[in-house]
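First the structure, in the form of structure tokens, and then the observations on it.
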Amino acid sequence: MPELPEVETVRRSLEPLLVGRTISKVWRSPLALRREKPDTRLLAKTLQGARVERVERAGKYLLMRTTQGGALIHLGMSGQLTVEKSHTEIRPHTHVRLELSRGAELRYVDPRRFGLFRPYLPDAVPNEWSALGLDPLARSFTAAVLREQLLRTSRAIKLALLDQELIAGLGNIYVSEALFLASVHPALPAKTVTAAQAARLRDAIQDVLEQGIRNRGTSLSDYVDATGESGNNQDFLKVYGRDGKPCVTCGEPVRMVVMGARSTFFCARCQKRRG
DNA sequence: AGACAAGCCTGTCCGC
DNA sequence: TGCGGACAGGCTTGTC
């Protein structure tokens with residue numbers, strides 16, 4: 001379940017393996033990702049013979065910039081982007097292979113195909129990239145700006161925080177963690193958030209994301225970085241997946257409710273609708 | 001066997 | 001009636 005910390009960990013581990021390298025060969029499976037048919041010609045045009053210049057991240061998206069354009073990449077929920085030796089076994093559900101020099105290749109594997117690997121031409125910035133909301137790690141992500149965004153919607157705050165057009169990068173795991181850390185009830189209507197709650201939430205969001213990055217991501221099922229390594233952050237989660245177990249603060253059993261068809265974990269004693 | 005997990009898109013419905 | 005926002009449903013496969 002790659003969220004911002006996992007995607008950032010992939011970016012950091014990918015960058016030294018890719019930047020400056022030239023892509024000699026491009027292969028794409030015939031299977032569609034996120035309802036998009038593969039465009040092998042465009043992929044070859046933007047990647048084959050190109051040199052990788054940068055790997056950027058915004059929210060949960062990666063942008064691999066090359067001398068001929070590049071690719072917009074999203075890991076969906078089961079996507080893996082790894083650099084491996086060319087002679088190693090090709091795993092099932094491999095959708096993209098980019099041959100690099102020195103017998104290595106970049107592979108994109110995604111069993112559930114919720115992800116995205118879309119080539120783009122130079123100067124054609126993908127729509128998804130520009131539609132993203134606030135960057136929660138930026139200096140400009142202040143309590144006031146966060147509150148301003150939240151006041152615009154009547155949805156429960158948990159659902160609002162998952163909206164990538166409001167804040168880019170939070171997913172189901174880190175949202176539960178941030179709300180717990182900020183002592184805010186997930187069902188609180190976003191438009192009623194107080195200045196004090198917004199201030200706690202701002203800090204909590206940054207704390208959980210930065211901790212996630214320090215621990216190299218949360219590996220609950222299949223998440224790995226570009227070298228195939230799992231993360232450690234699953235050992236530090238305070239509420240997510242701890243249904244029925246005692247709250248680390250007060251001992252009350254952690255509760256699970258379904259919001260927006262997704263499980264939400266919280267402590268009914270520590271997380272209040274008021275204040 | 002069937003429910004479930006997840007992110008994001010799309011189609012539909014609701015209220016102003 | 002029109003509009004935007006909210007929300008349910010669909011996609012997908014491995015795992016329990």
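The basis for the numbers below is simple: all heavy atoms, side chains too, and nothing from hydrogens, waters or symmetry mates. Worth saying up front: this structure is predicted, and the values here are computed from it rather than measured. Residue numbers begin at 1 in each chain, while the letters A, B, ... track the order of the sequences.
The side chain of A/Tyr240 has B/dA5 as its nearest neighbour among C/dA6, B/dA5, B/dC8.
You cannot call A/Phe114 stacked on the base of B/dC8; the centres under 5.5 Å and planes under 30° rule is not satisfied.
Side-chain atoms of A/Tyr223 and A/Glu3 form no donor-acceptor pair, as typed in the model, at a separation below 3.5 Å. For the residue pair A/Thr82 / A/Glu84, a side-chain donor-acceptor distance below 3.5 Å is found, with atom types taken as modelled. Between A/Arg113 and A/Ser29, the side chains place no donor N or O within less than 3.5 Å of an acceptor N or O (distance only, hydrogens not considered).
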Protein-nucleotides 12-16 of chain B N/O pairs closer than 3.5 Å?
none

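Note on A/Arg34: a side-chain N or O is less than 4.0 Å away from OP1 or OP2 of B/dC9. Taking 4.0 angstrom as the limit, A/Ser78 places none of its side-chain polar atoms (N or O) nearer than this to OP1 or OP2 of C/dT12. At C/dT13, none of the side-chain N or O atoms of A/His93 fall inside 4.0 Å of OP1 or OP2 (strictly under the cut-off).
Put simply, CD on A/Glu36 is 17 Å from P on C/dC11, counting in whole angstrom units. C/dT12 atom P lies 17 Å from atom NE2 of A/His74, rounded to whole Å. Summarising the geometry, the separation between CG on A/Asp110 and P on C/dG14 is reported as 11 Å, rounded to the nearest angstrom. Note: CG (A/Leu151) to C1' (C/dG5) measures 16 Å, nearest angstrom. Summarising the geometry, the separation between CG on A/Leu220 and C1' on C/dC16 is reported as 15 Å, rounded to the nearest angstrom. Taking atom CZ on A/Arg113 and atom P on B/dG7, their separation rounds to 19 Å, with Å as the unit. Across the protein-nucleic acid pair, A/Arg262 atom CZ and B/dA3 atom P stand 19 Å apart, rounded to whole Å. If you measure from atom CG of A/Leu116 to atom C1' of B/dG7, you get 12 Å, rounded to the nearest angstrom.
Of the two residues contacting DNA chain C, namely A/Gly260 and A/Pro92, the nearest-nucleotide position lying further toward the 5' end is that of A/Gly260.
Using a 4.0 Å heavy-atom cutoff across all strands shown, A/Tyr223 reaches no nucleic acid atom at all.
In this structure, A/Phe141 is a member of the same hydrophobic cluster as A/Leu4, with clusters built from ILVMFWY side-chain heavy atoms closer than 4.5 Å. Hydrophobic cluster membership is shared by A/Leu188 and A/Leu181, with clusters built from Ile, Leu, Val, Met, Phe, Trp and Tyr side chains linked at under 4.5 angstrom. Under the 4.5 Å side-chain contact rule for hydrophobic residues, A/Val96 and A/Val52 share a cluster. In the hydrophobic cluster analysis, where Ile, Leu, Val, Met, Phe, Trp and Tyr join through side-chain heavy atoms closer than 4.5 angstrom, A/Leu162 is grouped together with A/Ile157.
At a cut-off of 3.5 angstrom, counting only N and O atoms as typed in the model, there is a donor on one side and an acceptor on the other between the side-chain of A/Arg112 and the base of C/dT13.
Using the six-membered ring where Trp is involved, A/His95 and A/Tyr108 have ring planes that are tilted, between 30° and 60° apart.
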Item to check | Nucleotide-level pairing of DNA chain C, given in dot-bracket where Watson-Crick and G-U pairs need both distances under 3.5 Å and | marks other strands | outcome: .|||||||||||||||
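Residues of residues 154-165 of chain A that place a heavy atom closer than 4.0 Å to DNA chain C, in numerical order, are A/Ser154, A/Arg155.
Within a 6.0 Å sphere centred on CZ of A/Arg255, heavy atoms belonging to other residues, nucleotides or ligands number 12 at most.
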Checklist entry - Stepwise, does the salt bridge (charged side-chain N to carboxylate O under 4.0 Å, His left out) test hold for A/Glu56 with A/Arg54? => result CA-CA 6 Å; A/Glu56 297 174 32; A/Arg54 286 198 299 282; 2.9 Å; yes
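Atom CD of A/Gln271 sits about 8.0 Å away from atom OG of A/Ser176, to the nearest 0.5 Å.
Panel note: side chain A/Arg57, backbone A/Gly59; a donor-acceptor pair is recorded below 3.5 Å.
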